[in-house]
Amino acid sequence: MPVEGNEEGKTRRHFIQQIIDADREEGLHGGRVHTRFPPEPNGYLHIGHAKAICVNFGLAAEYGGTVNLRFDDTNPVKEDTEYVDAIREDIAWLGFEWNGGEHYTSDYFETLYGYAVKLIEDGKAYVDEQSAEDIAAQKGTPTSPGTASPFRDRPVEENLRLFAEMREGKHEEGSMVLRAKIDMAHANMHMRDPFMYRIKFAHHHRTGDAWCIYPMYDFAHGQSDSLEGITHSLCSLEFENHRPLYDWYIENLGIFPSKQREFARLNLNYTIMSKRKLLRLVEEGVVDGWDDPRMPTLSGLRRRGYTPESIREFCDRVGVAKRNNVIDVGLLEFALRNHLNATATRAMAVLRPIKLVVTNYPEGQTEWLPTENNPEDASAGTRELPFSRELYIEADDFIVEGVNKKWFRLAPGRSVRLKSAYIVTYVDHVTDASGNVTEVHVEYHPNSKSGSDTSGIKAKGTLHWVECNHAADAEVRLYDRLFSNENPDGHKDRDFMEFLNPESLEVLTNCKVEPVLADAQVGTPWQFTRLGYFTADSKWAKEGKLVFNRAVTLKDGWKG
RNA sequence: UGCCCCAUGGUGUAAUGGUAACACACCGGUUUUUGGUACCGUUUUUCCAGGUUCGAGUCCUGGUGGGGCAACCA
C-alpha cells in the first residue's frame with residue numbers, strides 16, 4: 001500500500017486517508033477506492049477547486065483507485081457547454097486524468113425519475129401545489145418546528161398522476177414541486193420535507209428540451225455517486241448538514257451506499273473565491289476576462305505563469321482537515337518560486353532602461369559571452385550574450401543621492417559586475433532637462449571578464465543588462481494582488497469592490513530584452529535575472545510583439 | 001434560543017493516552033557573478049474550567065469562541 005512519509009519515514013495521514021485506511025481494513029467494497037470531482041458547469045475553476053481536484057484525483061491515485069469527472073448539471077438555467085470545455089481543459093492542464101470517465105448528472109435523469117416514482121409509490125414523496133412562499137413559511141425556523149403541507153397526505157395514485165403530468169409539461173413553472181415526506185419537525189432543516197423536483201421550462205445544454213422537471217442537488221448527488229459506485233464522496237464542509245439527507249435517499253432507495261465525507265475548502269487571503277463575485281469582476285471590466293492574470297481562476301493562474309506542478313505542490317502543502325482556514329497567498333507564491341527556481345531558464349531583461357556607455361570599449365565591437373541557462377541545473381547548459389559599448393541597465397540600479405553602505409549597485413565612485421560580463425566603474429552620467437538620469441558612463445576592466453577574472457577588483461553588486469543593438473523591444477505587465485485587504489469578502493457593510501488595489505496592474509511598454517527572449521513561447525517560464533519569473537502572455541503576445549507577464553517576483557531580501 | 005462541525009506558534013498542518021513537531025512567514029547569520037538559491041540559527045504554540053488516568057493537545061462533562069444550517073442554487 002502506498003504510504004506518504006516524511007524524512008523520518010513516519011507517516012502523516014490526513015483524516016480522510018485515515019478513514020479510507022480504516023474502511024479498507026474492514027474490507028469495505030473489497031478495498032476499492034472510487035472518488036469523483038463533481039463541478040457544476042456554471043463557471044470557471046479556481047484555486048479552491050484545485051484543492052478538491054488534488055484531493056479526489058490524488059486519493060484515487062494513491063490507492064490505485066478510480067476517479068470520475070462528473071458535471072453536476074441539474075440546473076439548466078445556469079449551465080453551459082462553454083464551462084464544460086473550460087473545466088476539462090483546466091483539470092487536464094493540472095495534470096490529472098479522469099480514469100473513471102466523464103459523466104453527467106443529466107445522464108441519470110431517467111433513472112432519477114424512476115427513483116422518485118419509487119419513493120412516491122412507497123408513500124415517501126408527494127406533490128405539493130403551494131406557492132414557494134407558503135412552503136417557506138411552513139418550513140419553520142431552526143428553533144421551531146415546521147408544519148405539514150395540506151398536500152402532504154394526498155393519495156399515492158394522485159401523486160403519481162401529478163408527477164407524471166409535471167414531466168409532461170402540463171403544469172406551469174412554480175405551480176408544484178415534488179417533495180420527500182420525511183419530518184417537518186426535524187432539527188436538521190434539510191430533513192423537513194425537502195424538494196426533490198421543480199418545474200423549469202428551460203433548455204438544457206445536454207438534454208435539450210427533453211425535460212421540463214429537474215432534480216434538486218440533494219435528490220441527484222448521492223444517487224449519482226451511488227450509480228457510479230463512488231466509495232468516498234468528498235465535498236466541502238457546507239454540505240455536512242446535507243449528509244443525513246444524502247443517506248436517507250440512498251437508504252430508502254436501497255441503492256449502493258456511497259459515503260459522503262466533508263473537508264474544509266481552501267480560502268486565500270487577499271483573494272475572493274466566490275463565482276458570483278469573480279463574475280462581477282469580469283462583467284464590470286475590472287479584469288480582462290476569467291483568465292486575467294490577477295484572477296484566482298486556474299486559467300488566470302496559467303496565463304499569469306503558474307505551473308501545474310506548483311499548484312499541485314501548493315495543494316499538498318495546505319493539507320486536508322475540517323477547520324476553516326485562510327491560507328497565506330505567500331504560500332502559493334512560494335510553491336511557484338520553488339518550482340521555477342529549479343526549472344526556469346534565466347534570461348536578462350531591462351524593464352525601465354537607461355543607457356550604460358562603456359567609454360573605453362571599442363566602438364563597433366561586439367563579443368559574445370557565455371552565460372548559464374540555469375545555475376541550479378548544470379544540464380541546462382549555456383548560451384551566448386552579445387556585449388558591446390552600449391548597453392541598457394535598469395534605471396533603479398543607479399542612484400546619485402542617498403548612497404550608503406547598503407547600496408551595492410552603481411553610483412558615483414562605485415564599481416559593479418555586469419552579470420556574465422565585466423566589472424565596470426563609474427565615470428560620469430547625463431541627465432535630461434528635468435533631472436532624470438538618461439545615461440551612465442563607465443569604464444570596464446578588460447581583465448575582469450566573467451570566468452577569467454584576474455582583476456582582483458571586488459564588486460559587491462551584480463547588475464543585469466541588455467546590449468543595445470541586439471535588444472528586442474517588449475511590453476511587460478507587472479501584477480500585484482487584486483485586493484489590498486486581506487479579506488475583501490469579509491466586511492458586512494462594505495462591498496468587496498471597495499478594496500480593489502488600484503495598482504494591481506502596471507504595464508511597461510519600453511522594455512528591452514536579450515535576443516533569446518524574442519522567441520519566447522506561451523507556456524514557457526523564464527526567470528528574468530533579479531526581477532522574477534515571467535512568461536509570454538497568451539492573450540496579447542503576437543508575432544512581432546513581445547508581451548510578458550510577471551508571475552511572481554524573486555524574493556527580495558534587500559532591506560534598503 | 002434548536003441542530004451539525006471545528007478549536008495546536010503570525011498562517012497552515014502533524015503528533016491516533018507517553019519528549020508538542022513540520023512547512024510557510026518573520027528576524028539574524030554564512031556562502032553567492034541574481035540583494036535569488038542553498039545552508040545555519042533565533043523568536044513564537046495545545047481556548048477556559050473541572051474530571052478520568054501513573055500520565056491528557058488527544059478521552060469525558062460544562063463553558064467560551066468560530067463556522068455552517070431556512071433558496072423551486074450547487
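Chain A is the first sequence line, chain B the second, and so forth, proteins listed ahead of strands; every chain is numbered from 1.
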If you pin A:Asn241 and A:Lys200 to their nearest nucleotides in RNA chain B, which one's is more 5'?
-> A:Asn241
Between A:Asp72 and A:Tyr104, does any side-chain donor sit less than 3.5 Å from a side-chain acceptor?
-> no
Say whether A:Asn42 and A:Glu79, considering side chains only, have a donor N or O and an acceptor N or O under 3.5 Å apart.
-> no
Pull out every protein N or O sitting under 3.5 Å from an N or O of nucleotides 43-47 of chain B, one pair per line with the distance.
none

For nucleotides B:rG10 and B:rU43, find the distance between their C1' atoms and express it as a whole number of Å.
-> 11 Å
Name the orientation class of the two ring planes belonging to A:His221 and A:Tyr246 (parallel below 30°, tilted from 30 to 60°, perpendicular beyond 60°).
-> tilted
For residues 179-196 of chain A, pull every pair meeting salt bridge (Lys or Arg N to Asp or Glu O under 4.0 Å), keeping only residues two or more places apart or in separate chains.
-> A:Asp128-A:Arg179, A:Arg152-A:Asp193, A:Asp153-A:Lys181
Sticking with atom C1', work out how far B:rG9 lies from B:rU46, rounded to a whole angstrom.
-> 10 Å
Determine the interatomic distance between P on B:rC24 and the same-named atom on B:rG41; round to the nearest Å.
-> 14 Å
When you measure from the centre of the six-membered ring of A:Tyr113, is the NZ or CZ of A:Arg167 under 6.0 Å away and within 45° of the axis?
-> yes
Same-atom distance (P) from B:rC6 to B:rG62, integer angstrom | 16 Å
Partner set under salt bridge (Lys or Arg N to Asp or Glu O under 4.0 Å) for A:Lys259, not counting sequence neighbours = none
Counting just side-chain N and O atoms, does A:Thr74 come under 4.0 Å of either OP1 or OP2 of B:rA74?
-> yes
Quick one: what's the B/S/- string for nucleotides 24-30 of chain B, heavy-atom cutoff under 4.0 Å, read 5' to 3'?
-> S--S---
When you compare B:rU64 with B:rC48, how far apart are their C1' atoms, in angstrom units rounded to a whole number?
-> 7 Å
N or O in side chain of A:Arg530 less than 4.0 angstrom from B:rG35 OP1/OP2 = yes
Atom CD of A:Glu238 and atom C1' of B:rG66 are separated, to the nearest Å, by 16 Å
For the residue pair A:Trp211 and A:Phe109, does the interplanar ring angle fall in the parallel (under 30°), tilted (30 to 60°) or perpendicular (over 60°) class?
-> perpendicular
Distance between P atoms of B:rC5 and B:rC54 (Å, rounded) = 31 Å
Nearest whole angstrom, please: distance from the C1' of B:rG36 to the CG of A:Leu554.
-> 4 Å
Can you name the salt bridge (Lys or Arg N to Asp or Glu O under 4.0 Å) partners of A:Arg530, sequence neighbours left out?
-> A:Asp397
Represent RNA chain B in dot-bracket notation, 5' to 3'. Only Watson-Crick or G-U wobble pairs with both distances under 3.5 Å count; pseudoknot-style crossings use [ ] and interstrand partners use |.
-> .((((((..((((....[..))))..((((.......)))).....(((((..]....))))))))))).....
Under 30°, 30 to 60°, or over 60°: which ring-plane class applies to A:Phe398 and A:Tyr426, parallel, tilted or perpendicular?
-> parallel
If the C1' atom of B:rG68 is compared with that of B:rG29, how far apart are they to the nearest Å?
-> 47 Å
CA sep, side-chain torsions, deciding dist, call: A:His232, A:Thr35, side-chain hydrogen bond (donor to acceptor under 3.5 Å, both in side chains) | CA-CA 6 Å; A:His232 300 269; A:Thr35 60; over 6 Å; no
Determine: side-chain N/O of A:Arg198 to OP1/OP2 of B:rC73, distance under 4.0 Å, yes or no.
-> yes
Quick one: closest heavy-atom pair of A:Val350 and A:Pro353, and the distance?
-> CG1-CA, 3.5 Å
